[in-house]
Visitor: 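There's a structure below that I have some questions on.
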There are 4 protein chains.
Amino acid sequence: MVAKQGHNSGAEGQLRALVSRVERIEEEITGLNADKADVYREARGMGFDVKALRQCMSERKQDPEAFHERRSIVDLYHSILRGKSGTAVATRVRTREGGDT
Amino acid sequence: MVAKQGHNSGAEGQLRALVSRVERIEEEITGLNADKADVYREARGMGFDVKALRQCMSERKQDPEAFHERRSIVDLYHSILRGKSGTAVATRVRTREGGDT
Amino acid sequence: MVAKQGHNSGAEGQLRALVSRVERIEEEITGLNADKADVYREARGMGFDVKALRQCMSERKQDPEAFHERRSIVDLYHSILRGKSGTAVATRVRTREGGDT
Amino acid sequence: MVAKQGHNSGAEGQLRALVSRVERIEEEITGLNADKADVYREARGMGFDVKALRQCMSERKQDPEAFHERRSIVDLYHSILRGKSGTAVATRVRTREGGDT
DNA sequence: ACAGAATCGAAAGTAC
DNA sequence: GTACTTTCGATTCTGT
């Protein structure tokens, strides 16, 4: 127990400080999100496909190796579900190796 | 080992079955969400405050005891942040009991 | 004014009915989500790559044409950002057709 | 080279600029979120109830008037659903004034 | 270290 | 068409 009854104002000051810090941070984040929205709005105004742009950027965040690995598995699943499963393709339906990262 | 080259079709069938099940489930969920939206639309049409209603229902999901406990802590924090902290109130600023779950 | 003072109990009954209906629906949804989680758990247990599976299923929800369209734009953006933009590729950087959807 | 078919090499530069700006913004946001998480971690370390704290802060974002209005309606709904509706309470079950937003 | 929970960001649908 | 609300997926953190 940090403070006796009637005198843990220290905790109150801490609470206020904590809240101030978080609110400050959240304001900044809000502003940045607004900036981001502006950029996307500009992009749309320039004729870019914003949704594709987002997808592109999210793919850029993954390292390329993992991305291609994932992509090939997804395509394999697609081919199976389309009923096109050949024998070659079938050899690695099961990932069996740590699977997802 | 059931499958080697050219014969783990079992895995393929399993994949298809899995996907079917999930897609079926998601269809049902979609339908139920539509139903829910309908009910809220009705509620609004009857003059209810839908936002308050949602909040009310979400509070009902918490067990009442935990809800009141949480509520009193939240109100305590409010009073401190408003600068109204009396000494009485201050006695339990710190939760000190495992805190949140 | 829908109801006289002290006599809009009808509204109360309506409120209860509305809440019951929504809660019923939400229970069902919760159950179905649990089922879905179970299926994915099974899938993982069978050695499938759940993340790839999710991606595959979400792609299946889009119609194939739009999907390939989107995919090609994304790839175009990738190629530009990698600095590989040739003139051929550059010809359709801008979507310029009201975009999709 | 600058101008040929389509002459939209400019579009490529624009795309890169757009992407840079967004990626820069997202880095900053990521950093700020990390800061926020740190603050909450501190708060927890000091014995505060982080979940209550979050709720408190989210309530602070609403203007107090609207908050109390909302709160009273929510409580009214609670009382009705608990079956405690007296006639006094019942007088304003229906909001009837555009209500939310 | 893995399963689970919770929080956060993105996307879709809807209301105005 | 814009803005908002809700829903979904993904990531992160905690507990075992």
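In what follows, chains are A, B, ... by sequence order, proteins preceding strands, each numbered from 1. Every value quoted in this text rests on a predicted model; they were computed, and no experiment measured them.
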Visitor: Using a cut-off of strictly less than 4.0 Å, decide whether A:K51 has a side-chain nitrogen or oxygen near OP1 or OP2 of E:dA11.
Guide: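 Checking A:K51 against E:dA11: no side-chain N or O falls below 4.0 Å of OP1 or OP2.
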Visitor: Under 4.0 Å between a side-chain nitrogen and a carboxylate oxygen: does that hold for C:D49 and A:R70?
Guide: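 A salt bridge links C:D49 with A:R70.
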Visitor: Rounded to whole Å, please give me the gap between CG in C:L53 and C1' in F:dG9.
Guide: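 For the pair C:L53 CG and F:dG9 C1', the rounded distance is 14 Å.
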Visitor: Measure OH/D:Y40 against P/E:dT7 and give the value in whole Å, please.
Guide: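 In whole Å, E:dT7 P and D:Y40 OH are 10 Å from each other.
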Visitor: Return all side-chain donor-acceptor pairs below 3.5 angstrom for residues 30-40 of chain A, not counting sequence neighbours, or 'none' if the list is empty.
Guide:
from: A:T30; atom 1: OG1; to: A:E26; atom 2: O; distance (Å): 2.8
from: A:N33; atom 1: ND2; to: A:I29; atom 2: O; distance (Å): 3.4
from: A:K36; atom 1: NZ; to: D:E26; atom 2: OE2; distance (Å): 3.2

Visitor: Quick one: are A:F67 and A:D63 in side-chain contact, heavy atoms under 4.5 Å?
Guide: no
Visitor: Does E:dC8 have OP1 or OP2 under 4.0 Å away from a side-chain N or O of D:R54?
Guide: yes
Visitor: Given A:E59, which partner from the list A:K61, A:Q55, A:Q62 fulfils the side-chain hydrogen bond (donor to acceptor under 3.5 Å, both in side chains) test?
Guide: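 Exactly one pass, corresponding to A:Q55.
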Visitor: As an exercise, state the distance from SG of B:C56 to CG of D:D75, rounded to the nearest 0.5 Å.
Guide: 8.5 Å
Visitor: What N/O pairs connect the protein and nucleotides 14-16 of chain F at under 3.5 Å? Give each pair on its own line.
Guide:
from: F:dT14; atom 1: OP1; to: D:R41; atom 2: NH1; distance (Å): 3.0

Visitor: Do any N or O atoms from the side chain of C:R16 and from the backbone of D:I80 form a donor-acceptor pair under 3.5 angstrom?
Guide: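 A pair under 3.5 Å: yes.
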Visitor: Take the protein atom CD of C:Q55 and the nucleotide atom C1' of E:dA10, then report the distance between them rounded to whole Å.
Guide: 15 Å
Visitor: Hey, does D:E65 have a side-chain heavy atom less than 4.5 Å from the side chain of D:E69?
Guide: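 No; the side chains remain at least 4.5 Å from each other.
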Visitor: Atom CD in B:E12, atom CG in A:L76: separation rounded to 0.5 Å?
Guide: 8.0 Å
Visitor: Quick check on contacts: within residues 18-38 of chain A, what sits under 4.0 Å from DNA chain E by heavy-atom distance?
Guide: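 Close to the strand are A:K36.
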Visitor: C:K61 side chain: which of E:dA10, F:dT6, F:dG9 is closest?
Guide: F:dG9
